[in-house]
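I have placed the structure first, in the form of structure tokens, so that the comments after it can refer back to it.
What you are looking at is a predicted structure, and each value in this text was computed from that prediction instead of being measured.
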Amino acid sequence: MRLREHISPSDPIVILTGAGISKESGLQTFRDPDGVWAKHKIEDVATPQAFATNPDAVLGFYNLRRAQMGDPEIQPNAAHAALGALEGIWPGGVLLVTQNIDDLHARGGSRNLIHMHGELAKTRCNACGDLTEGVGDIETAMVCGKCSVTGTLRPHVVWFGEMPLEMDRIGGALANCGLFVSIGTSGNVYPAAGFVEEARNHGAYTVELNLEESLGASLFQEGRYGPATEIVPAFVNELQALAQN
Ligand code: APR
């Protein structure tokens with residue numbers, strides 16, 4: 001097995017996930033034919049300019065996504081659960097970096113988790129930065145509980161043109177990991193799409209797990225293709241066997 005030749009149980013692992021891992025839980029991806037960006041224009045709903053010019057449209061878009069995430073039918077799947085379990089199995093430690101704004105990784109048991117594109121379940125004030133937890137709708141008429149300004153509340157998500165979160169911590173982990181795994185992401189959006197090269201430049205072994213080859217597939221040393229609920233648990237089982245030997 002190639003993996004076994006390249007890593008040892010003391011190697012730290014960094015895992016990057018994208019919308020593909022939540023697809024089988026019932027949440028749409030962004031760029032597949034039935035994806036979110038086939039129905040909405042990015043510039044209308046996912047930029048600071050859109051929020052400044054048409055806040056109702058932006059808030060409505062995210063209110064709908066938050067409601068979908070809260071649907072009792074939407075549950076973590078076998079891939080989320082396998083990654084949650086991996087934290088307790090792998091001696092070298094696991095950092096999970098997700099581009100997803102849903103809460104399925106945390107509900108799947110992952111604790112060492114960075115939401116680099118933010119979290120739908122949090123609300124932030126654009127004026128004072130106050131962060132609150134809650135899954136109800138955000139409306140333009142709402143008043144910030146901290147600075148008392150009206151109309152400044154927004155989802156705690158990273159829009160196009162904004163800086164992803166915790167990049168220093170992610171950069172440090174990519175520089176020190178022995179294995180970098182990318183799961184369910186098309187490789188269209190930077191800086192996440194550049195993580196594979198960053199990790200590889202520092203000597204990590206790199207693996208892509210996806211339904212099909214991503215844009216950056218050739219940058220990975222190994223690729224495994226199929227639905228996340230099948231290939232992720234199988235990959236974690238392999239790591240578990242490696243950790244036990
Ligand atoms: N199992 C594994 N992979 C899957 C599955 C599945 N069941 N279904 C789809 N995929 C793959 C697709 O083949 C595609 O390569 O998941 C990938 C999803 O890609 P995108 O829709 O582009 O999502 P993502 O890469 O997460 O997007 C990155 O773009 O719009 C922004 O901020 C948004 O975080 C998002 C970022």
Side-chain angles (χ1 to χ4, degrees), residues 16-23 25-76 97-107 113-170 184-194:
L16 171 71
T17 65
I21 198 164
S22 296
K23 170 82 178 180
S25 290
L27 295 176
Q28 293 153 334
T29 60
F30 291 95
R31 293 174 185 79
D32 288 315
D34 61 343
V36 174
W37 298 146
K39 299 180 197 104
H40 302 269
K41 282 192 188 161
I42 289 175
E43 58 270 29
D44 289 346
V45 293
T47 67
Q49 292 79 6
F51 185 60
T53 54
N54 196 349
D56 288 319
V58 174
L59 294 179
F61 172 76
Y62 286 100
N63 286 342
L64 186 66
R65 297 179 57 72
R66 199 177 295 107
Q68 282 167 347
M69 185 179 80
D71 181 332
E73 302 241 311
I74 306 292
Q75 296 293 332
V97 180
T98 188
Q99 299 170 88
N100 299 343
I101 56 177
D102 66 53
D103 59 1
L104 295 176
H105 278 307
R107 286 164 59 195
L113 172 64
I114 294 177
H115 278 274
M116 66 177 289
H117 290 172
E119 293 171 76
L120 261 180
K122 291 183 179 166
T123 297
R124 188 167 86 232
C125 174
N126 233 2
C128 73
D130 187 44
L131 208 56
T132 50
E133 304 228 6
V135 289
D137 284 359
I138 306 174
E139 310 286 353
T140 46
M142 286 177 167
V143 179
C144 171
K146 188 157 186 207
C147 69
S148 303
V149 178
T150 305
T152 54
L153 297 183
R154 57 170 279 183
H156 179 51
V157 301
V158 175
W159 287 323
F160 285 87
E162 295 183 322
M163 183 63 85
L165 309 176
E166 300 203 52
M167 287 306 295
D168 287 349
R169 199 175 143 210
I170 296 170
T185 176
S186 64
N188 271 280
V189 175
Y190 283 82

Sequence neighbours excluded, which residues qualify as side chain to side chain donor-acceptor pair (under 3.5 Å) partners of [X]?
X	value
S22	H80, D102
N126	R154
H117	none
H105	T17

Given I101, L16, N100, the one that forms side-chain contact (heavy atoms from CB on, under 4.5 Å) with M116: L16
Applying the side-chain contact (heavy atoms from CB on, under 4.5 Å) criterion to R124, which one of T152, L153, I138, L131 satisfies it? L131
Residue pairs fulfilling side chain to side chain donor-acceptor pair (under 3.5 Å) with at least one residue in [range], sequence neighbours excluded:
range	result
residues 128-145	D56-T140
residues 26-40	K23-D34, T29-D32
residues 58-71	Y62-W159, N63-R66

Quick one: does [X]'s side chain get under 4.5 Å of [Y]'s, heavy atoms only?
X	Y	result
L27	L104	yes
L59	M142	no
V36	F61	yes
I42	F30	no

Could you list the residues that satisfy salt bridge (Lys or Arg N to Asp or Glu O under 4.0 Å) with R107, not counting sequence neighbours? D103
Going by the rule salt bridge (Lys or Arg N to Asp or Glu O under 4.0 Å), which residues pair with E166 if we only count those two or more places apart in sequence or in a different chain? R169
Minimum heavy-atom distance between C144 and C147, given as atom pair plus value: SG-N, 3.4 Å
Short side-chain to backbone donor-acceptor contact, S25 and Q75, under 3.5 Å: yes
Listed partners of A50 passing side-chain contact (heavy atoms from CB on, under 4.5 Å), at least two apart: T47, V58
